[in-house]
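Read the structure below first, then the notes.
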Amino acid sequence: MLVGAGSSAAAPPGAAADDGARVVRESRVDDREVDLEIASPALGGTAMVRLLLPTRWAAEPDRAWPVLYLLHGCCETADYQAWTWFTDVEEFTADEDVLVVMPSGGPAGMYSPWWNFGAGGTPDWETFHVTELRQILERSYRAGTRRAVAGVSMGGYGALAYAFRHRGMFGAAASLSGIPNTLHPGAPSVIKGLLVREGLNPLSLWGDEVVNHRIWSEHNPFDHVAELRGIGVHISSGNGLTGPLDPPGQMDPLESASLATSKSFTDRLAAEGIAVTAHFYGDGTHDWPYWRRELRSAWPVLAPALGLNSARGGFGYGNDGNSSKRTD
């Protein structure tokens with residue numbers, strides 16, 4: 001039983017995963033927002049998850065709900081709260097029968113099990129999200145088995161990585177300004193630079209991209225496009241130049257890096273005859289005003305995987321006037 005709005009309580013009975021991961025505190029923010037603090041063996045500590053409950057949650061207590069995972073980006077102060085802070089996702093999903101799940105991914109966790117120079121161990125963000133959290137949601141929060149995943153920046157990479165590494169778990173995946181080809185020229189330097197900026201050893205993630213190329217490749221969506229066949233895929237990015245949602249005079253090298261890796265990825269999918277919807281909208285930086293808009297662009301791909309109406313959103317939303325395409 002969920003606690004009342006504005007209150008906090010210990011976990012509901014049975015809110016645990018097979019490995020002992022468990023909800024240690026549940027906080028009701030408002031009628032739909034619920035924050036969970038989860039003790040995770042995969043992380044070696046606790047992490048937060050924000051849920052947006054379906055509007056009809058209380059009225060249909062025996063129903064299992066489709067699940068939309070929304071993943072945040074690197075170095076995000078708001079972390080698990082980012083999607084509700086910087087977008088209108090609560091309003092956008094108010095009339096949708098979907099459980100929205102927004103987990104912490106750490107400052108620069110890369111949605112991955114960390115190699116740790118061969119020692120493995122913690123943190124293992126992938127296990128936390130796709131196993132521990134999934135089991136808790138299914139057992140205690142009425143999560144169903146229809147799922148889609150979308151993410152921004154680092155989370156865009158995570159969405160695609162989870163989709164190909166856990167084939168069948170997600171019916172659709174969307175990368176908004178992500179890095180879907182981590183071995184594209186220049187991409188390893190971007191990733192390692194972000195880790196260094198967060199005070200992390202960049203070699204602890206996957207090692208060196210040359211010496212440990214196999215490990216990098218195992219986690220690179222570009223190298224595993226065949227595993228995405230039959231899954232709805234949406235890729236979007238700007239070019240890093242000042243766009244319609246930016247203050248004057250902006251330039252963002254992260255977004256231009258995203259565009260290069262994203263185009264290489266969609267080209268690879270097209271060459272393999274794998275369906276993808278791409279929205280390369282031209283001018284625009286690596287920031288939330290574009291990602292708020294792009295969730296709507298991705299909706300026609302995400303919604304069918306959730307059994308929802310795909311008519312909302314699409315490329316017509318927003319004043320960008322730039323290219324979109326679907327390849328099959």
Side-chain angles (χ1 to χ4, degrees), residues 70-78 82-83 85-89 92 105 108 110-111 149-161 172-182 184-191 193-194 197 221-222 232-270 276-302 312-327:
L70 295 178
L71 309 180
H72 66 79
C74 172
C75 327
E76 183 63 71
T77 302
W83 277 93
W85 281 19
F86 301 125
T87 80
D88 62 344
V89 64
F92 182 68
M110 284 301 294
Y111 298 95
V149 58
V152 304
S153 191
M154 174 183 76
Y157 159 79
L160 295 171
S175 168
L176 315 181
S177 301
I179 302 181
N181 184 357
T182 57
H184 189 270
S189 296
V190 170
I191 294 169
L194 292 172
R197 190 173 77 179
F222 179 88
V233 178
H234 176 90
I235 309 293
S236 70
S237 179
N239 60 19
L241 300 179
T242 305
L245 305 181
D246 294 305
Q250 301 299 299
M251 179 173 288
D252 196 329
L254 274 178
E255 192 68 4
S256 59
S258 169
L259 179 63
T261 66
S262 295
K263 283 189 171 181
S264 74
F265 184 70
T266 57
D267 288 347
R268 177 73 180 272
L269 289 171
V276 58
T277 300
H279 190 207
F280 300 130
Y281 45 86
D283 294 349
T285 58
H286 200 73
D287 207 354
W288 280 101
Y290 294 97
W291 302 332
R292 166 179 167 148
R293 186 186 70 187
E294 288 307 300
L295 178 60
R296 287 162 167 78
S297 293
W299 190 248
V301 173
L302 298 171
R312 304 172 66 206
F315 296 123
Y317 183 88
N319 181 25
D320 56 77
N322 286 285
S323 65
S324 64
K325 63 180 180 180
R326 178 176 176 85
T327 61

Side-chain heavy-atom pair [X], [Y] within 4.5 angstrom cut-off:
X: Y281; Y: N239; result: no
X: I179; Y: V190; result: yes
X: F222; Y: H184; result: no
X: H234; Y: L176; result: yes
X: I191; Y: M110; result: yes
X: S262; Y: F280; result: yes
X: T277; Y: I235; result: no

If you look at every heavy atom in [X] and [Y], which pair is closest and at what distance?
X: T242; Y: P247; result: CG2-O, 3.5 Å
X: P180; Y: T261; result: CD-OG1, 3.4 Å
X: C75; Y: R197; result: SG-NH2, 3.2 Å
X: P221; Y: A161; result: CG-N, 4.1 Å
X: S237; Y: E255; result: OG-OE2, 3.3 Å
X: H72; Y: A82; result: CB-CB, 4.3 Å

Inset, instruction - Please check if the side chain of T87 supplies one atom and the backbone of V89 the other of a donor-acceptor pair under 3.5 Å. - result: yes
Legend entry - Pair W288, E76: side-chain N/O donor-acceptor within cut-off below 3.5 Å: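 Present: a donor and an acceptor within the cut-off.
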Inset, instruction - Verify the distance criterion only: is there a donor paired with an acceptor across the side chains of H286 and S258 at less than 3.5 Å? - result: no
Inset, instruction - Verify side chain to side chain contact (heavy atoms under 4.5 Å, CB included) between L71 and V149, making sure each step is shown before the conclusion. - result: CA-CA 8 Å; L71 309 180; V149 58; 3.9 Å; yes
How long is the straight-line distance from [atom2] of [Y] back to [atom1] of [X], given to the nearest 0.5 Å?
X: L254; Y: L259; atom1: CG; atom2: CG; value: 12.5 Å
X: E294; Y: S177; atom1: CD; atom2: OG; value: 7.5 Å
X: N181; Y: F265; atom1: CG; atom2: CZ; value: 8.5 Å
X: D283; Y: Q250; atom1: CG; atom2: CD; value: 12.5 Å

Legend entry - Salt-bridge criterion met for D88 and R293 (N-O under 4.0 Å):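 No.
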Legend entry - Distance flag, aromatic centroids of F86 and W291, threshold under 6.0 Å: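 No, they do not, as the ring centres are separated by 6.0 Å or more.
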Legend entry - D246: partners by side-chain hydrogen bond (donor to acceptor under 3.5 Å, both in side chains), with sequence neighbours left out: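 Expected list: T285, Y290.
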Legend entry - Check against side chain to side chain contact (heavy atoms under 4.5 Å, CB included), S175 and L160: CA-CA 7 Å; S175 168; L160 295 171; 3.7 Å; yes
